[in-house]
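One structure below.
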Amino acid sequence: MAVMQQIQTEVERYPLVLFMKGTPQYPMCGFSSRAIQALMAAGAVALRTVNVLEEPEVRANLPRFSNLPTFPQLFIHGELIGGCDIVLELFESGELKRIVEEASLP
């Protein structure tokens, strides 16, 4: 499946990838908005975002790839971290800042 390989390549190529509804400037759902706010506040400047609303095949296949049915989905160094709830929990504990900093190191 070409789309599954596309997703795999995306999460391997970029250290921080957020599959979300909309864009960082114009999130199209509250969960995506909250996740992007937390990531920006944690210093995620090298964040790659994928608007699943513009890529229907990615939107349809990402839940099978990650075994997580909801959006947004955050991957760091190819590993699924979780959705909005996990991102917010990590942000509130201060862990998100540390994780983002480590992911940004060469």
Side-chain angles (χ1 to χ4, degrees):
M1 302 191 101
V3 71
M4 296 296 261
Q5 184 59 46
Q6 175 189 348
I7 295 167
Q8 183 71 40
T9 300
E10 196 82 23
V11 301
E12 288 177 350
R13 180 178 295 159
Y14 300 98
L16 296 166
V17 181
L18 181 68
F19 292 89
M20 65 181 288
K21 292 181 178 178
T23 65
Q25 297 79 17
Y26 300 104
M28 299 300 287
C29 83
F31 297 114
S32 291
S33 179
R34 297 281 316 263
I36 202 73
Q37 287 173 350
L39 285 160
M40 292 297 111
V45 293
L47 177 66
R48 166 85 169 146
T49 61
V50 177
N51 181 354
V52 297
L53 298 176
E54 290 183 350
E55 301 207 30
E57 287 188 29
V58 171
R59 183 175 69 241
N61 286 282
L62 186 63
R64 288 187 330 163
F65 177 85
S66 65
N67 202 27
L68 182 67
T70 59
F71 297 99
Q73 294 186 22
L74 176 65
F75 288 79
I76 297 180
H77 289 299
E79 180 181 340
L80 175 66
I81 300 303
C84 180
D85 291 345
I86 299 298
V87 171
L88 293 177
E89 189 174 306
L90 289 170
F91 177 74
E92 290 171 5
S93 72
E95 282 294 298
L96 188 61
K97 183 171 178 57
R98 183 189 62 75
I99 292 169
V100 165
E101 287 172 354
E102 287 178 5
S104 300
L105 295 174

To the nearest 0.5 Å, tell me how far D85 CG sits from T70 OG1. 8.0 Å

So how far is it from I76 CD1 to L90 CG, rounded to the nearest 0.5 Å? 8.0 Å

After noting the C-alpha distance and the side-chain angles of F19 and E55, does the key distance pass the side-chain contact (heavy atoms from CB on, under 4.5 Å) rule? CA-CA 10 Å; F19 292 89; E55 301 207 30; over 6 Å; no

Tell me every residue that passes side chain to side chain donor-acceptor pair (under 3.5 Å) with S33, counting only those two or more places apart in sequence or in another chain. none

For E89, I'd like to know if atom CD has over 12 heavy atoms of other residues, nucleotides or ligands within 6.0 Å. no

Applying a strict under-4.5 Å side-chain criterion to I, L, V, M, F, W and Y, I'd like to know whether F31 and F91 cluster together. no

Kindly assign one of parallel, tilted or perpendicular to the pair F65 and F75, based on the angle between their ring planes and the thresholds 30° and 60°. tilted

Nearest heavy-atom neighbours spanning P69 and P63: CA-CB, 4.0 Å

Could you pull out the closest heavy-atom pair between V100 and A42, with the gap in Å? CG1-O, 3.8 Å

Classify the side-chain pair Q5/T9 by whether it contains a donor and acceptor separated by less than 3.5 Å. yes

What is the minimum heavy-atom distance between N51 and G22, and which atoms define it? OD1-N, 3.0 Å

Tell me, yes or no, whether the heavy-atom count around R34 atom CZ, taken from other residues, nucleotides or ligands under 6.0 Å, exceeds 12. no

Residues that, via side-chain heavy atoms closer than 4.5 angstrom, fall in one hydrophobic cluster with L53: M28

Expected output: side-chain S32 to main-chain K21 donor-acceptor under 3.5 Å: yes

Spell out, as yes or no, whether a donor-acceptor pair under 3.5 Å connects the side chain of Q73 to the backbone of L68. yes

With a 4.5 Å cut-off on side-chain heavy-atom distances among I, L, V, M, F, W and Y, is there a chain of contacts connecting L80 to V52? yes

At what distance, to the nearest 0.5 angstrom, does CG of L16 lie from CD of E102? 11.5 Å

Should the heavy atoms of other residues, nucleotides or ligands under 6.0 Å from CD of Q25 be counted, would the total exceed 12? yes

State plainly whether the residues R98 and E101 are in salt-bridge range, i.e. N to O under 4.0 Å. no

Taking atom types as modelled and ignoring hydrogens, do the side chains of Q6 and E57 form a donor-acceptor contact shorter than 3.5 angstrom? no

Test side-chain contact (heavy atoms from CB on, under 4.5 Å) on L96 and V87 and set out the steps. CA-CA 7 Å; L96 188 61; V87 171; 3.9 Å; yes

Rounded distance (nearest 0.5 Å) linking atom CD1 of I7 with atom CG of N61: 5.5 Å

Full working for side-chain contact (heavy atoms from CB on, under 4.5 Å) between I86 and L74: CA-CA 9 Å; I86 299 298; L74 176 65; over 6 Å; no

Roughly how far, to the nearest 0.5 Å, is the OH atom of Y14 from the OG1 atom of T49? 10.5 Å

